[in-house]
Protein chains: 2
Amino acid sequence: MTDGDPAVIGRRGSYAKGVARRQEILDRAIEVFQERGADGTSLRRIAETIGVSHAALLHYFDSREQLLVAVYEHAEAKRHSDSPRSDPGAVEGMVEAATQNVKVPGLVELYTTLVASSLESGSEHGRAFFTERFERVRGDVADRLREEQAEGKVRTDVDPDQIAAIIVAASDGLQIQWLLDPSIELERTLGALATLLRP
Amino acid sequence: MTDGDPAVIGRRGSYAKGVARRQEILDRAIEVFQERGADGTSLRRIAETIGVSHAALLHYFDSREQLLVAVYEHAEAKRHSDSPRSDPGAVEGMVEAATQNVKVPGLVELYTTLVASSLESGSEHGRAFFTERFERVRGDVADRLREEQAEGKVRTDVDPDQIAAIIVAASDGLQIQWLLDPSIELERTLGALATLLRP
DNA sequence: GTCTATACGAAGATAGAC
DNA sequence: GTCTATCTTCGTATAGAC
């Protein structure tokens, strides 16, 4: 996120109570999504669970999609601050994140749903968010790969940027495959990718 | 699909005209999705474009999701019969499929949308379809990997089943990343994955 | 068997009162 | 800043004409 002001994501609530209320709504909404994923989560049901009208939600978020994106963003940020940032290798970091994700199927479901809808034509906000996110995550992974290449931990006959894209894609895709069929062993399969990268 | 009768996918239309009409609907629907993806595609809009009532569609397909799955299945089968089945290496086959897909963004969008909704709780049909599909595709790729390992074309220090899952995941994920940001160079990036697999 | 007509409830979004 | 009321569209279900 390039903009420093968190409230700028919605349309209003830029001051005092508005910001607090917004955070409160997001906190409550996260719980809803963690247990329900993205299916039983209409604006009206979320509003009902939280205890406001659905129109009130739309006061803080321009559309259902913006609310969903904000919820995902908020949940992701919260997890990053909860886990003490171990900062391991490029693949190891992805493995760690993926195994964490898979414990909260609702979030993976939400993520997948949002990525899918961001591909559709009407989704300016979602498209921008995920385009930026993919770029940032790929960049981070590529940077770490370069470090590891310099340290002799990763083979140097492949382009770090391309490998980074593959790692991110494989991680996303495997989480989906795992949700549909847990027999694929997410961690060990991502481990095989790490084997491929060793010099 | 384990059942040999194609008409069994819907609920009726098992005979003569019904089958033909069903195919006709699918052919027309494919065009709709190829240009619109999955967003402007409500049951009613599809019906309107095809020239039937939305209730008529539900005569051939139990639900909107079943129609969408059938459309995707039909489009995929059609493409397989159109391209003369080159049957190359494991990764090469995925590269070929992915580069074909990316020429029809609507289908990738449809695929992603369906996979996402198959994760949700209400989706029995979609979930079964994609679980089977992933299993079949992974199995095919793994078989080819084993052949290539025997031929000395692929390194043998990795499990073919795990690599197959990674190839499928990476292919799916990269198509999405490419749609959001074409600068990642889909073919060359998947080529890097091929490099990793060489002995 | 095939399809039209119609109805129902839920959804996202908007307008305007308070 | 938040609500009620309302609009439109959606998926789905049913009745019954042909």
Side-chain angles (χ1 to χ4, degrees), chain A residues 7 10-26 28-29 32-33 36-71 113-114 117 120-126, chain B residues 5-26 28-29 32 36-71 113-114 117-118 120-126:
Chain A
R11 62 174 166 183
R12 306 250 173 69
S14 300
Y15 300 109
K17 188 190 173 196
V19 175
R21 189 88 179 96
R22 207 189 121 98
Q23 287 300 319
E24 193 183 329
I25 289 174
L26 282 178
R28 299 277 292 115
V32 176
F33 280 92
R36 288 213 288 255
D39 45 338
T41 53
S42 66
L43 266 182
R44 291 170 137 94
R45 295 242 304 158
I46 296 170
E48 188 185 355
T49 305
I50 292 180
V52 295
S53 72
H54 71 277
L57 288 185
L58 290 177
H59 176 71
Y60 293 98
F61 306 92
D62 279 343
S63 66
R64 176 176 181 265
E65 195 200 21
Q66 286 207 14
L67 168 61
L68 264 52
V69 169
V71 166
T113 301
L114 286 176
S117 70
E120 301 184 6
S121 56
S123 173
E124 279 314 308
H125 185 74
Chain B
D5 183 359
V8 96
I9 302 160
R11 61 176 166 182
R12 307 248 173 71
S14 300
Y15 299 108
K17 189 188 170 194
V19 175
R21 189 85 179 99
R22 207 190 121 99
Q23 287 299 320
E24 192 184 328
I25 289 175
L26 282 178
R28 298 277 292 116
V32 176
R36 286 214 287 253
D39 45 339
T41 52
S42 68
L43 209 51
R44 291 169 136 95
R45 296 240 306 158
I46 296 170
E48 190 186 354
T49 305
I50 292 180
V52 296
S53 72
H54 69 278
L57 288 185
L58 289 177
H59 177 71
Y60 294 97
F61 306 92
D62 279 343
S63 68
R64 177 176 181 265
E65 196 200 20
Q66 287 205 14
L67 168 62
L68 263 53
V69 169
V71 166
T113 301
L114 287 176
S117 69
S118 79
E120 300 183 8
S121 56
S123 173
E124 278 315 308
H125 185 74

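To find a chain, count down the sequence lines: A is the first, B the second, and so on, and within it residues start at 1.
In this structure, A:Leu57 places its CG atom 13 Å from P of D:dT4, rounding to the nearest Å. In this structure, the NE2 atom of B:His54 is 14 Å from the P atom of C:dC8, given to the nearest Å. Between the CD atom of B:Glu48 and the C1' atom of D:dC10 there is a distance of 14 Å, rounded to whole Å. The separation between B:Phe61 atom CZ and D:dG11 atom C1' is 16 Å, rounded to whole Å. For the pair A:Arg21 CZ and D:dC3 C1', the interatomic distance rounds to 12 Å; values are reported in whole Å. When the C1' atom of C:dA13 is taken as reference, atom CD of A:Glu65 falls 14 Å away, rounded to whole Å. The nearest whole Å value for the distance from the CD1 atom in A:Ile25 to the P atom in D:dC3 is 9 Å. If you take CG of B:Leu43 and C1' of D:dA13, they are 12 Å apart, rounded to a whole angstrom.
The shortest heavy-atom contact between B:Arg64 and B:Thr41 is NH2-O, 3.1 Å.
Among the nucleotides C:dT4, D:dT4, D:dG11, the one closest to any side-chain atom of B:Ser53 is C:dT4. The nucleotide whose nearest atom lies closest to any side-chain atom of A:Ala55 is, among D:dC3, C:dA13, C:dT4, D:dC3. Comparing C:dA15, C:dA13, C:dA5 by their nearest atom to the side chain of A:Leu58 picks out C:dA13. Closest to the side chain of A:Arg45, out of C:dA11, D:dG11, D:dC3, is C:dA11.
Annotation: side chain of B:Leu68 is not in contact with side chain of B:Phe61 (no heavy-atom distance under 4.5 Å).
At C:dT2, one or more side-chain N or O atoms of B:His59 fall inside 4.0 Å of OP1 or OP2 (strictly under the cut-off). Contact check, B:Ser42 against D:dC10: a side-chain N or O comes under 4.0 Å of OP1 or OP2.
Inspection of the B:Thr49 and B:Arg36 side chains reveals an N or O donor paired with an N or O acceptor under 3.5 Å.
Between A:Glu24 and A:Arg21 there is a salt bridge, since at least one side-chain N of the basic residue sits less than 4.0 Å from a carboxylate O of the acidic one.
Within the nucleic acid shown, A:Arg44 comes within 4.0 Å of at least one base atom, counting heavy atoms only.
Between the side chain of B:Ser123 and the backbone N or O of B:Glu120 there is no donor-acceptor pair closer than 3.5 Å.
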